[in-house]
Amino acid sequence: MGPHPAVAAIRLAVRRVLHDILTDHSRTTEEPGASDGPPHERPPSPLVLVACSGGADSMALASALAFEAPKLGIRAGGVTVDHGLQPGSGLRADEVVLRLRELGLDPVEATAVTVGREGGPEAAARDARYAALDAAAERHGALAVLLGHTRDDQAETVLLGLARGSGIRSLSGMAAVSGGPGAARRYRRPFLQLDRQTARKACMVQSLPVWDDPHNADPAYTRSRLRHEGLPALEKALGKGVVEALARTAQLSRDDADALDAWAGQAAASVKDAAGLLECAKLYALPPAVRRRVLRRAAIDAGAPAGSLFARHIEEVDRLITGWRGQGAINLPGKVVAQRQGGRLVIRQG
């Protein structure tokens, strides 16, 4: 008799992602000289870490990684991040470490972070968490870090993006594969096609203890209100299937956004003059969606922080191209200034 359907589903999702990770790894190790040297000098088996809060989603993910990784010759480890936002959070992190070790993961560690205030409490906690995960991955030489985001999380992310009104990139939700500079494919989200209930059921049938973060039910947090009030109201009004439809919207939006980003990348070179300045006439000839991407990239390259650069900023710069009436310079985040000079658009540090 095979495993419970929920357990089979989470294991299959993790197995597929591990195969992808190994494929990526083999491409790099097949480069000349990558496996040279005597056997005792060759690198150890590849390591994959799971980010685990102790909640149902990440505990289910940890259990599936512990089961699947050894079959593929992969070492499985875990990291739990103590945000220090609740009394006893350090003890909670130590408990998660014990649970991960009981699953057979090694190395396992808890890392404490200091959460700032920039961007609001949720964004600040997220930034601190990813910085800690990046550091852990670098320290242990991990090929990837698995994250337990589910299809329900994806639906919430799409709705939050819709509320921000910042275009299809914010509707594209979380990527199945993502990462920062130098580790563009570090983060993997195996559960984006699985619902939250499947992960919780997998924990229950495996008798895995689960911790329910009180922040997830705290109405002070936007995502919590959306989860407990917004989505249920949508399902009541529109019927079941809203979560699946929103997750599907995320994938379709991501495909469109990726295509437009690629187009903008090609167009950026074609709208510059010999001195590397943007020519307004050539910008004007581009489709708006492509032109705004070129402008956004130019602003970021000039020093504007991507996280602080909103659609309204780009719309103001765009009016220097499409609604030129002799207006003055536009101030952007990061002390970046955009202004039109003699048929050229100049974006630079002020």
K.L.:
Could you list the residues that satisfy salt bridge (charged side-chain N to carboxylate O under 4.0 Å, His left out) with Glu229, not counting sequence neighbours?
P.N.:
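Expected list: none.
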
K.L.:
Measure from the side-chain N and O atoms of Glu244 to the backbone N and O of Lys240, and report whether any donor-acceptor pair falls under 3.5 Å.
P.N.:
no

K.L.:
For residues Ala247 and Gln154, report the shortest heavy-atom separation together with the two atoms involved.
P.N.:
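Answer, listing the atom of Ala247 first, then Gln154: CA-CG, 4.2 Å.
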
K.L.:
How long is the straight-line distance from SG of Cys280 back to CD1 of Ile321, given to the nearest 0.5 Å?
P.N.:
3.5 Å

K.L.:
If you take all heavy atoms of Ala144 and Ile21, which pair is closest and at what distance?
P.N.:
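For Ala144 versus Ile21, the nearest heavy atoms are CB-CD1, 3.6 Å.
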
K.L.:
Can you tell me how far CG of Leu295 sits from CG of Leu320, rounded to the nearest 0.5 angstrom?
P.N.:
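If I round to the nearest 0.5 Å, the distance is 8.5 Å.
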
K.L.:
Kindly indicate whether the side chain of Arg101, heavy atoms from C-beta on, has any atom under 4.5 Å from the side chain of Val97.
P.N.:
yes

K.L.:
Could you go step by step and tell me if Ser178 and Arg189 meet the side chain to side chain donor-acceptor pair (under 3.5 Å) rule?
P.N.:
CA-CA 9 Å; Ser178 65; Arg189 297 175 175 86; 2.8 Å; yes

K.L.:
Once side chain to side chain contact (heavy atoms under 4.5 Å, CB included) is applied, do any residues pair with Lys201, and if so which ones, sequence neighbours excluded?
P.N.:
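Result, side chain to side chain contact (heavy atoms under 4.5 Å, CB included) vs Lys201: His4, Ala6, Met204, Val205.
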
K.L.:
Given side chains that start at C-beta, do those of Val79 and Val145 come closer than 4.5 Å, heavy atoms only?
P.N.:
no

K.L.:
Please enumerate all residues that pass salt bridge (charged side-chain N to carboxylate O under 4.0 Å, His left out) together with Arg129, with sequence neighbours excluded.
P.N.:
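Residues passing salt bridge (charged side-chain N to carboxylate O under 4.0 Å, His left out) with Arg129: none at all.
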
K.L.:
Take a 6.0 Å sphere around CH2 of Trp211 and say whether it holds more than 12 heavy atoms from other residues, nucleotides or ligands.
P.N.:
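Yes - once you tally the heavy atoms of other residues, nucleotides and ligands closer than 6.0 Å, there are more than 12.
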
K.L.:
What residues, two or more places apart in sequence or in another chain, satisfy salt bridge (charged side-chain N to carboxylate O under 4.0 Å, His left out) together with Arg227?
P.N.:
Asp153, Glu156

K.L.:
Are more than 12 heavy atoms, taken from residues, nucleotides or ligands other than Lys236, located less than 6.0 Å from that residue's NZ atom?
P.N.:
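Check fails, neighbour count at 12 or below.
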
K.L.:
Would you check if Leu260 and Val290 make a side-chain contact, meaning some heavy-atom pair closer than 4.5 Å?
P.N.:
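Result yes, sub-4.5 Å side-chain heavy-atom pair found.
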
K.L.:
Quick one: list whatever passes side chain to side chain contact (heavy atoms under 4.5 Å, CB included) with Leu171, sequence neighbours left out.
P.N.:
Val158, Leu162, Ser253

K.L.:
Between Asp258 and Arg169, does any side-chain N to carboxylate O distance fall below 4.0 Å?
P.N.:
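So Asp258 pairs with Arg169 through a salt bridge.
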
K.L.:
Answer yes or no: does atom CD of Gln193 have more than 12 heavy-atom neighbours from other residues, nucleotides or ligands under 6.0 Å?
P.N.:
no

K.L.:
Give the cluster check for Leu105 versus Phe67: same hydrophobic cluster or not, with ILVMFWY residues linked at side-chain heavy-atom distances below 4.5 Å.
P.N.:
no

K.L.:
Got a salt bridge between Lys272 and Glu279, using NZ or NE/NH1/NH2 to carboxylate O under 4.0 Å?
P.N.:
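Answer for the salt bridge query: no.
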
K.L.:
Among residues at least two apart in sequence or on other chains, which ones pass ring-ring contact (aromatic ring centres under 6.0 Å, His included) with Tyr130?
P.N.:
Tyr187

K.L.:
So, are Arg188 and Asp24 salt-bridged, with charged N and O less than 4.0 Å apart?
P.N.:
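Looking at Arg188 and Asp24, the cut-off is met.
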
K.L.:
Please check if the side chain of Arg75 supplies one atom and the backbone of Ser45 the other of a donor-acceptor pair under 3.5 Å.
P.N.:
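Confirmed, Arg75 side chain pairs with Ser45 backbone.
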
K.L.:
Identify whether Val14 and Leu72 are in the same connected component of the hydrophobic contact network (ILVMFWY, side-chain heavy atoms under 4.5 Å).
P.N.:
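Yes, same cluster.
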
K.L.:
Specify the closest pair of heavy atoms between Phe191 and Gly148, including all atoms of both residues, with the distance to one decimal.
P.N.:
CD1-O, 4.2 Å

K.L.:
Name the residue from Asp57, Asp195, Asp212, Asp152 that meets the salt bridge (Lys or Arg N to Asp or Glu O under 4.0 Å) definition with Arg200.
P.N.:
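Filter result, single survivor: Asp212.
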
K.L.:
Is it true that Glu315 and Arg292 have a side-chain N and a carboxylate O under 4.0 angstrom from each other?
P.N.:
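No.
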
K.L.:
Enter the distance from Asp318:CG to Tyr284:OH here, rounded to the nearest 0.5 Å.
P.N.:
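If we round to the nearest 0.5 Å, Asp318:CG and Tyr284:OH are 10.5 Å apart.
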
K.L.:
Check whether Leu61 and Leu192 end up in the same hydrophobic cluster, where Ile, Leu, Val, Met, Phe, Trp and Tyr are linked by side-chain heavy atoms less than 4.5 Å apart.
P.N.:
no

K.L.:
Can you list the residues that meet the side chain to side chain contact (heavy atoms under 4.5 Å, CB included) rule with Val337, with sequence neighbours excluded?
P.N.:
Ala329, Asn331, Gln339

K.L.:
For Val317 and Ala338, which heavy atoms make the closest approach, and how far apart are they?
P.N.:
CG2-CB, 4.0 Å

K.L.:
Is the closest side-chain heavy-atom distance between Leu246 and Leu231 below 4.5 Å?
P.N.:
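Of all side-chain heavy-atom pairs linking Leu231 with Leu246, at least one is under 4.5 Å.
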
K.L.:
If I take atom OG from residue Ser58 and atom CG from residue Leu147, how far apart are they, to the nearest 0.5 angstrom?
P.N.:
9.5 Å

K.L.:
Which residue pairs satisfy the salt bridge (charged side-chain N to carboxylate O under 4.0 Å, His left out) criterion with at least one member in residues 329-350, sequence neighbours excluded?
P.N.:
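Of all non-adjacent pairs touching residues 329-350, those that pass salt bridge (charged side-chain N to carboxylate O under 4.0 Å, His left out) are Asp273-Arg344.
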
K.L.:
Enumerate the side-chain hydrogen bond (donor to acceptor under 3.5 Å, both in side chains) contacts for residues 9-20, please, sequence neighbours excluded, ordered by first and then second residue.
P.N.:
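Residue pairs with at least one partner in residues 9-20: Arg15-Glu68.
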
K.L.:
Using a strict cut-off of less than 4.0 Å between a Lys/Arg side-chain nitrogen and an Asp/Glu carboxylate oxygen, indicate whether Glu102 and Arg99 qualify as a salt bridge.
P.N.:
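A salt bridge is absent here (no side-chain N lies under 4.0 Å from a carboxylate O).
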
K.L.:
If you look at every heavy atom in Gly78 and Leu49, which pair is closest and at what distance?
P.N.:
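Minimum heavy-atom separation between Gly78 and Leu49: N-CD2, 3.8 Å.
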
K.L.:
Decide yes or no for Lys71 and Leu18: does some side-chain heavy atom of the first lie under 4.5 Å from some side-chain heavy atom of the second?
P.N.:
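When only atoms from C-beta onward are counted, Leu18 and Lys71 do not touch, as no gap falls below 4.5 Å.
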
K.L.:
Is there a continuous path of hydrophobic side-chain contacts, each under 4.5 Å between heavy atoms, that joins Val7 to Leu65?
P.N.:
no

K.L.:
Name all residues meeting the ring-ring contact (aromatic ring centres under 6.0 Å, His included) criterion together with Tyr221; count only those two or more places apart in sequence or in a different chain, and write none if there are none.
P.N.:
His215

K.L.:
Could you tell me if the side chain of Ile10 sits less than 4.5 Å from the side chain of Leu194, heavy atoms only?
P.N.:
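Sidechains of Ile10 and Leu194: in contact.
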
K.L.:
Flag the pair Asp82 / Arg92 as yes when at least one side-chain heavy-atom distance between them is below 4.5 Å, and no otherwise.
P.N.:
no

K.L.:
Please name all residues satisfying side chain to side chain contact (heavy atoms under 4.5 Å, CB included) with Pro70, sequence neighbours left out, ordered by chain then number.
P.N.:
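Partners of Pro70 by the side chain to side chain contact (heavy atoms under 4.5 Å, CB included) criterion come out as none, since no residue qualifies.
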
K.L.:
Going from CD1 on Ile347 to CG on Leu277, what distance comes out if it is rounded to the nearest 0.5 angstrom?
P.N.:
10.5 Å

K.L.:
With a 4.5 Å limit on heavy-atom distance, are the side chains of Cys52 and Leu100 in contact?
P.N.:
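They are in contact (side-chain heavy atoms under 4.5 Å apart), so the answer is yes.
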
K.L.:
Hydrophobic clustering (ILVMFWY, side-chain heavy atoms < 4.5 Å, transitive) - are Ile314 and Trp263 grouped together?
P.N.:
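Yes, same cluster.
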
K.L.:
Tell me yes or no: between the side chains of Arg291 and Thr322, is some donor less than 3.5 Å from an acceptor?
P.N.:
no

K.L.:
Show your working on side-chain contact (heavy atoms from CB on, under 4.5 Å) between Val96 and Asp94 and close with a plain yes or no.
P.N.:
CA-CA 5 Å; Val96 174; Asp94 291 341; over 6 Å; no

K.L.:
Donor-acceptor pairs under 3.5 Å, side chain of residues 298-313 to any protein atom, not counting sequence neighbours: which ones?
P.N.:
from, atom 1, to, atom 2, distance (Å)
Asp301, OD1, Arg297, NH1, 3.4
His313, ND1, Phe310, N, 2.9

K.L.:
Indicate the atoms forming the closest heavy-atom contact of Ala264 with Arg293, along with that distance.
P.N.:
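For Ala264 and Arg293, the tightest heavy-atom pair comes out as CB-CB, 3.5 Å.
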
